[in-house]
Amino acid sequence: MPYSEADDTRKVQTAVTYGAESDQPVFLPYAHDNFDRFMRGRTRDDFYCGVLLGGCGAKLSPKRYMDKKCHFAHRSPVHCHRTEVGESSADHLYIGQAIADWLKQQGRKAPRPAYKPHGHQVRDVVDVSHDGGRRLVRVQLARRSKHEWEDEDAKLWLRHVNLDWFFGPDSLVANWQMERQGYALRVQCRSAGASRVVEVGAQFPEMPVEWTSLSECTLTPDGILTPGLIRMPDGIVPRHAVTSEPRLAISSTSFLITEATPTHTTATHRWFDTTLRVTARLSLPARAASPEGQHTYQPTNASLSIDGDGTWVVQAQSLEQAQAPVHARPRASTSSPAAPPSPSAERQALPPEANLVASFRATMENAASNGKVVTTTTLCREAALQDRVLSAEQWVRLLLAVEQPRTPGKPVLCALIKGRDGGPAPFFREVLHGIGWTRDFSSSDLLDIWLRERRRVLAAYGSERRAMLASLPAPSPVLAREHRPPAHTKTPRSRVTRLRRTA
């Protein structure tokens with residue numbers, strides 16, 4: 001039966017068992033019909049106003065009523081200043097316990113919840129570390145500004161090789177997470193008899209939250225998967241954003257793109273009509289005629305697949321000779337030497353590579369000296385490339401030049417580049433191979449290397465900056481007060497470079 005909030009002004013619905021410092025919560029159901037089921041196997045001395053609930057630690061007595069809500073009551077004398085006493089007042093404990101149990105089921109080692117991490121109060125956040133503290137699940141329950149959250153996110157990434165975020169039902173930070181990666185993971189509790197059940201929801205822009213149980217979720221190297229999310233080669237994306245058509249991953253050396261004409265632009269992508277020149281394998285029946293080099297053919301009853309090495313495979317019943325299109329380029333004579341291919345219009349429009357390398361290096365060094373990371377968008381903006389699109393091969397070639405010269409023990413500067421999903425840039429693996437890292441990496445290994453090298457870069461350039469500042473003459477106290485620059489003033493980049501070399 002429903003109860004109004006005016007029935008009782010001193011209702012305490014949650015407690016902990018096994019002592020005042022315990023993190024084992026209990027919820028006393030409102031209805032008297034569930035009271036006996038709740039008390040089965042327990043005594044009236046088993047309940048405490050837990051410290052992790054914000055309580056006094058004293059014992060609580062369960063009270064059964066027929067005409068109002070059943071609840072816990074303090075024993076006299078009462079000196080408790082606990083502010084949250086309703087059915088949701090122990091949700092942070094339920095969430096921490098549920099996530100720890102789920103991580104064990106996912107095969108993670110030693111998951112350990114913390115309900116009052118350094119700098120936080122109870123019910124602000126819940127941290128569940130696992131794998132020896134190297135990985136972390138952070139549940140953000142209290143409200144935070146965007147700046148506070150981004151600052152906390154950066155600090156956590158420096159201390160852990162992997163970080164997953166959940167957001168409570170009242171946390172607005174989830175909106176900024178959606179802006180960053182296209183979705184956010186929510187967590188909530190609901191009453192079910194004599195307990196509180198933890199649910200996880202995937203939140204997408206302008207869509208209702210899709211709630212499910214933790215048992216339906218999976219922990220992957222790229223993050224946490226719910227039924228509404230799918231893991232793709234470039235990371236985790238909303239399932240509804242993936243088309244029903246199959247997506248095939250092919251080798252980047254098996255095709256060339258020519259004659260790209262812009263068609264339209266969306267909020268996330270630019271679209272082109274283009275011509276593909278594909279290098280593929282052709283499979284024909286033994287009785288079918290073989291193609292001749294001077295003719296163009298169209299396959300009949302053809303299917304397309306990917307071979308084990310990433311090459312297109314065209315399987316056809318036969319080939320029919322096709323008319324060459326009017327705009328097709330004439331084939332060069334075999335007797336005359338082939339003219340060298342002209343550079344594409346895009347490459348002609350790019351600034352000299354030496355200028356791009358210098359700009360990229362200066363941008364990353366300046367960011368490192370200020371303890372920050374960069375994105376490819378930032379690098380392109382600083383190099384005046386806002387309207388240009390660099391291919392993965394161009395990025396690798398330019399960043400390999402940024403890393404030169406290589407010396408023993410030198411950190412990888414390109415580890416400062418953060419991808420769209422908050423992890424390494426898509427070409428970070430190729431850069432490592434290009435500078436001499438010969439072994440292959442799993443996704444987990446690559447993330448570990450990226451985080452370690454990023455910490456080394458920030459530490460190296462941070463120490464240089466501190467040495468540079470220490471080498472400058474200290475101004476007099478009077479001048480320092482009278483001529484102190486505004487807080488947002490930055491040292492010019494040229495001066496920073498010159499002073500760094502001096503230091």
Interatomic spacing from [atom1] in [X] to [atom2] in [Y] - rounded to 0.5 Å:
X: Asn162; Y: Thr220; atom1: CG; atom2: OG1; value: 8.5 Å
X: Glu150; Y: Lys155; atom1: CD; atom2: NZ; value: 13.0 Å
X: Leu390; Y: Phe427; atom1: CG; atom2: CZ; value: 8.5 Å
X: Phe166; Y: Ile95; atom1: CZ; atom2: CD1; value: 9.5 Å
X: Leu53; Y: Ser22; atom1: CG; atom2: OG; value: 9.0 Å
X: Asp91; Y: Glu84; atom1: CG; atom2: CD; value: 10.5 Å

Would you say the side-chain atoms of [X] pair up with the backbone N or O of [Y], donor to acceptor, closer than 3.5 Å?
X: His240; Y: Pro238; result: no
X: Arg135; Y: His130; result: no
X: Trp437; Y: Val431; result: no
X: Gln404; Y: Leu400; result: yes
X: Asn34; Y: Ala31; result: no
X: Thr363; Y: Ser359; result: yes
X: Arg108; Y: Asp131; result: no
X: Ser195; Y: Ala192; result: no
X: Arg361; Y: Ala401; result: yes

Kindly check if the number of other-residue, nucleotide or ligand heavy atoms within 6.0 Å of [atom1] ([X]) is above 12?
X: Arg406; atom1: CZ; value: yes
X: Arg112; atom1: CZ; value: no
X: Lys109; atom1: NZ; value: no

Quiz item: Do Ile435 and Lys410 pass the side chain to side chain contact (heavy atoms under 4.5 Å, CB included) test, and can you show the C-alpha distance, the side-chain angles, and the key distance before you say yes or no?
Solution: CA-CA 11 Å; Ile435 62 177; Lys410 180 181 178 182; over 6 Å; no
Quiz item: Any ring-ring contact (aromatic ring centres under 6.0 Å, His included) pairs touching residues 172-203, not counting sequence neighbours?
Solution: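 Non-adjacent pairs meeting ring-ring contact (aromatic ring centres under 6.0 Å, His included): zero.
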Heavy-atom pair of closest approach, residues [X] and [Y]:
X: Ala383; Y: Leu356; result: CB-CD2, 4.0 Å
X: Val357; Y: Leu398; result: CG2-O, 3.8 Å
X: Val412; Y: Glu453; result: N-OE1, 2.9 Å
X: Thr212; Y: Cys217; result: CG2-SG, 4.2 Å
X: Trp395; Y: Phe360; result: CZ3-CE1, 3.6 Å
X: Gly19; Y: Tyr48; result: N-CE1, 3.5 Å

Quiz item: Who are the ring pair (Phe, Tyr, Trp, His ring centres under 6.0 Å) partners of Tyr94, not counting sequence neighbours?
Solution: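 Scan of Tyr94 (ring pair (Phe, Tyr, Trp, His ring centres under 6.0 Å), adjacent residues dropped) gives none.
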Looking only at side chains, do [X] and [Y] share a donor and an acceptor under 3.5 Å apart?
X: Arg196; Y: Thr14; value: no
X: Gln13; Y: Glu87; value: no
X: Ser171; Y: Gln140; value: no

Quick check: do [X] and [Y] have side-chain heavy atoms less than 4.5 Å from each other?
X: Val200; Y: Trp102; value: no
X: Leu52; Y: Glu21; value: no
X: Pro117; Y: Val125; value: yes
X: Asn175; Y: Gln203; value: yes
X: Ser89; Y: Arg82; value: yes
X: His120; Y: Glu152; value: yes
X: Arg454; Y: Leu158; value: yes
X: Leu413; Y: Tyr461; value: yes

Quiz item: Considering the options Leu446, Val396, Ile417, which one meets the side-chain contact (heavy atoms from CB on, under 4.5 Å) requirement together with Phe428?
Solution: Leu446
Quiz item: Arg186 and Trp211: side chain to side chain contact (heavy atoms under 4.5 Å, CB included), yes or no, with the steps?
Solution: CA-CA 8 Å; Arg186 292 277 194 179; Trp211 294 102; 3.5 Å; yes
Quiz prompt | Steps toward side chain to side chain contact (heavy atoms under 4.5 Å, CB included) verdict (Val373, Trp157) | solution = CA-CA 12 Å; Val373 297; Trp157 271 112; over 6 Å; no
Quiz item: Can we say Asp153 and Arg138 salt-bridge, meaning some charged N sits less than 4.0 Å from an Asp/Glu carboxylate O?
Solution: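 Arg138 and Asp153: not salt-bridged.
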Practice problem: Give the intermediate values and the outcome of salt bridge (charged side-chain N to carboxylate O under 4.0 Å, His left out) for residues Glu179 and Lys146. | Solution: CA-CA 11 Å; Glu179 292 178 4; Lys146 184 177 182 180; 3.8 Å; yes
Exercise. Mind running side chain to side chain contact (heavy atoms under 4.5 Å, CB included) on Met364 and Leu399 for me, showing each step along the way?
Key: CA-CA 11 Å; Met364 285 189 281; Leu399 293 176; 4.1 Å; yes
Quiz item: With under 30° as parallel and over 60° as perpendicular, where do the rings of Phe167 and Trp165 fit, or are they tilted in between?
Solution: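 Because their plane-to-plane angle is under 30°, the rings of Phe167 and Trp165 count as parallel.
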